[in-house]
Amino acid sequence: MLPLPFSGITTFARSTHVPVNECGGVLAGDKPRIAVLGVPYDSATSSRSGARFGPRGIREASLLLWGYNNVQKVAPFEKLDVFDAGDADVVPVDIRATYASIEMATSTILSGGYRQLTLGGDHSILLPLLRAHAKKYGPLAVVHFDAHPDTWDLEYENQPYSHGTPCRRAIEEGLIDVEAYFQIGIRGPTGGPEDYQDALKLGARMVTYEEYRRLGAKNLLPEIHACVGPRPLYVTFDIDAVDPAYAPATGTPEVGGLTSYEAIELVRGLKGLNMVGCDIVEVAPPFDHAGITSILAANLGFEFLSLWAMQPGR
Ligand code: MN
Ligand code: MN
């Protein structure tokens with residue numbers, strides 16, 4: 001019998017809860033293991049906060065994921081052992097302490113042989129996630145869905161870390177392989193042309209939403225596949241890549257972005273790549289209407305799990 005979507009304790013898609021410190025391999029089975037980690041941190045946002053409630057909102061919406069992906073023809077929860085590792089410890093007033101905690105939790109999970117789907121949190125959390133993944137896999141190809149390049153140098157005086165800077169910091173630290181770094185969905189007004197110029201100078205292949213509309217998934221996806229090839233790939237999905245008409249619950253919305261279907265289609269199109277980690281960030285449920293943003297985020301999580309379930313040898 002299928003479980004009731006409105007009853008029971010809330011973990012991601014009803015997966016078994018395994019605390020981070022128990023993700024050391026004790027549950028070894030023969031299926032690939034995935035840990036879902038929440039990071040309820042939003043103190044690095046530049047406008048409205050609320051993404052600290054993202055992991056809870058997405059988990060709740062995930063209770064309606066029935067399990068079979070009819071487009072990809074795969075049942076990820078049968079192919080994979082998916083566990084919910086709960087939330088990383090965060091310190092709202094201390095981003096450095098929070099970064100250390102996120103990196104430690106992620107490193108623990110990766111060392112146990114799991115791959116990690118992270119639920120944010122604002123986008124500042126990307127940096128410690130990339131630090132932990134690059135420690136294991138080396139510099140990473142990155143597909144970065146966002147309305148914003150997140151490559152500012154300093155968003156606040158003398159503060160290197162905020163949700164507008166993680167990609168520049170990651171490039172400076174050598175965590176991103178800039179030969180294979182895609183930004184998709186970039187749009188909206190900026191302070192000047194430098195925002196985009198800086199990202200391009202750092203080596204990003206920036207696909208503005210306008211360019212995406214010209215190319216379409218049918219041209220963009222082959223370009224991504226040809227460029228990324230077998231490199232270890234990290235996918236980071238800032239929900240504001242999606243139009244606020246479809247995903248209003250976010251801190252810094254920009255009009256005129258991806259539709260829900262376009263977002264899902266692009267993620268599905270990453271099938272076959274060597275994705276080693278992924279996240280969904282900037283979901284801020286206090287600004288949601290009828291839960292639509294959380295429902296989309298939960299479904300993106302389901303598509304990520306489906307990609308893992310279809311990887312060769314997994
Ligand atoms: Mn972002
Ligand atoms: Mn953004």
Side-chain angles (χ1 to χ4, degrees), residues 1-40 51-90 102 105-121 125 129 132-133 234-237 239 264 267-268 275-281 283 285 291 293-311 314:
M1 250 192 33
L2 290 167
L4 300 170
F6 47 81
S7 136
I9 289 173
T10 307
T11 58
F12 188 81
R14 300 178 187 283
S15 51
T16 304
H17 173 47
V18 179
V20 171
N21 58 10
E22 289 174 26
C23 288
V26 283
L27 287 161
D30 38 8
K31 294 183 196 171
R33 278 176 286 169
I34 309 295
V36 179
L37 180 72
V39 182
R52 69 180 59 182
F53 300 106
R56 284 198 169 190
I58 299 168
R59 283 189 176 105
E60 184 165 328
S62 76
L63 299 183
L64 204 54
L65 296 170
W66 292 120
Y68 184 66
N69 188 323
N70 280 288
V71 173
Q72 303 283 38
K73 308 268 186 259
V74 70
F77 301 104
E78 290 174 17
K79 289 274 186 184
L80 307 165
D81 276 332
V82 180
F83 300 100
D84 192 319
D87 292 340
D89 292 328
V90 300
I102 296 168
T106 303
S107 292
T108 302
I109 286 167
L110 296 182
S111 72
Y114 296 77
R115 286 183 176 177
Q116 182 171 307
L117 162 61
T118 306
L119 310 177
I125 69 168
L129 292 170
H133 281 83
Y234 189 92
V235 182
T236 182
F237 202 112
I239 203 71
I264 295 274
V267 170
R268 285 177 182 153
M275 185 175 77
V276 297
C278 55
D279 64 56
I280 303 160
V281 297
V283 175
T293 315
S294 292
I295 292 167
L296 173 59
N299 278 272
L300 288 168
F302 181 68
E303 295 297 335
F304 282 133
L305 296 178
S306 299
L307 292 177
W308 269 325
M310 293 181 296
Q311 276 184 345
R314 290 179 68 78

* Measure the spacing between CD1 of Ile58 and OG of Ser294 and express it to the nearest 0.5 Å. => 6.0 Å
* Pairing of Asp87 and Arg59 as salt bridge, 4.0 angstrom limit -> yes
* Single hit among Leu119, Ile102, Val90 for side chain to side chain contact (heavy atoms under 4.5 Å, CB included) with Ile125 -> Ile102
* Heavy-atom pair with the smallest gap, counting every atom of Ala297 and Val283 -> CB-CG2, 3.8 Å
* Verdict with reasoning, Leu117 to Leu37, per side chain to side chain contact (heavy atoms under 4.5 Å, CB included) -> CA-CA 6 Å; Leu117 162 61; Leu37 180 72; over 6 Å; no
* Asked: How about Val82 and Val36: do any of their side-chain heavy atoms sit closer than 4.5 Å?
  -> yes
* Crowded around Gln72 CD? As in, over 12 foreign heavy atoms under 6.0 Å? -> yes
* Asked: Would Gln311 and Arg115 satisfy side-chain hydrogen bond (donor to acceptor under 3.5 Å, both in side chains), going step by step from the backbone distance to the final call?
  -> CA-CA 12 Å; Gln311 276 184 345; Arg115 286 183 176 177; 2.8 Å; yes
* To do: Would you give the length of the straight line joining atom CZ of Arg14 to atom CZ of Phe77, rounded to the nearest 0.5 angstrom?
  => 11.0 Å
* More than 12 foreign heavy atoms under 6.0 Å from CD1 of Ile9: is that the case here? -> no
* Asked: Is there a side-chain contact between Leu307 and Val267, using heavy atoms and a 4.5 Å cut-off?
  -> yes
* Spacing of CG belonging to Leu65 relative to CD1 belonging to Ile295, to within rounding of 0.5 Å -> 10.0 Å
* Asked: Would you say the side chain of Lys79 lies within less than 4.5 Å of the side chain of Pro76, judging by non-hydrogen atoms?
  -> no
* Structure fact -> Distance col, row Ser107:OG vs Leu129:CG, nearest 0.5 angstrom, shows 10.0 Å
* Asked: How close do Cys278 and Trp308 get, heavy atom to heavy atom, and via which atoms?
  -> SG-CH2, 3.5 Å
* To do: Over all heavy atoms of both residues, which pair between Gly86 and Asp84 is shortest? Give the atoms and the distance, please.
  => N-OD1, 2.8 Å
* Answer whether the closest heavy-atom distance between the side chains of Glu78 and Tyr68 falls below 4.5 Å. => no
* Would Asp81 and Tyr114 count as a side-chain hydrogen bond (donor to acceptor under 3.5 Å, both in side chains) if you check the C-alpha gap in whole Å, the side-chain angles of each, and the deciding distance to 0.1 Å? -> CA-CA 9 Å; Asp81 276 332; Tyr114 296 77; over 6 Å; no
* **From CG (Asp279) to OH (Tyr234), nearest 0.5 Å** => 3.5 Å
* **Nearest heavy atoms of Val20 and Ala85, plus distance in Å** => CG2-O, 3.6 Å
* To do: Write down the atom of Ala88, the atom of Pro40, and the distance for their closest heavy-atom approach.
  => O-CD, 3.8 Å
* Asked: Should His133 and Thr106 count as side-chain neighbours, where that means a heavy-atom distance under 4.5 Å?
  -> yes
* Is the closest side-chain heavy-atom distance between Leu305 and Phe12 below 4.5 Å? -> yes
* Donor on one side chain, acceptor on other, Glu60 and Thr10, under 3.5 Å -> no
* Asked: How long is the gap from CG on Leu4 to CG on Leu64, to the nearest 0.5 Å?
  -> 11.5 Å
* **Minimum side-chain heavy-atom gap Arg33-Phe83 below 4.5 Å** => yes
* Compare all side-chain heavy atoms of Phe6 with those of Leu63 and state whether any distance is below 4.5 angstrom. => no
* Asked: side chain to side chain contact (heavy atoms under 4.5 Å, CB included) with Ile264: which residues, sequence neighbours excluded?
  -> Arg268, Leu296, Asn299, Leu300, Glu303
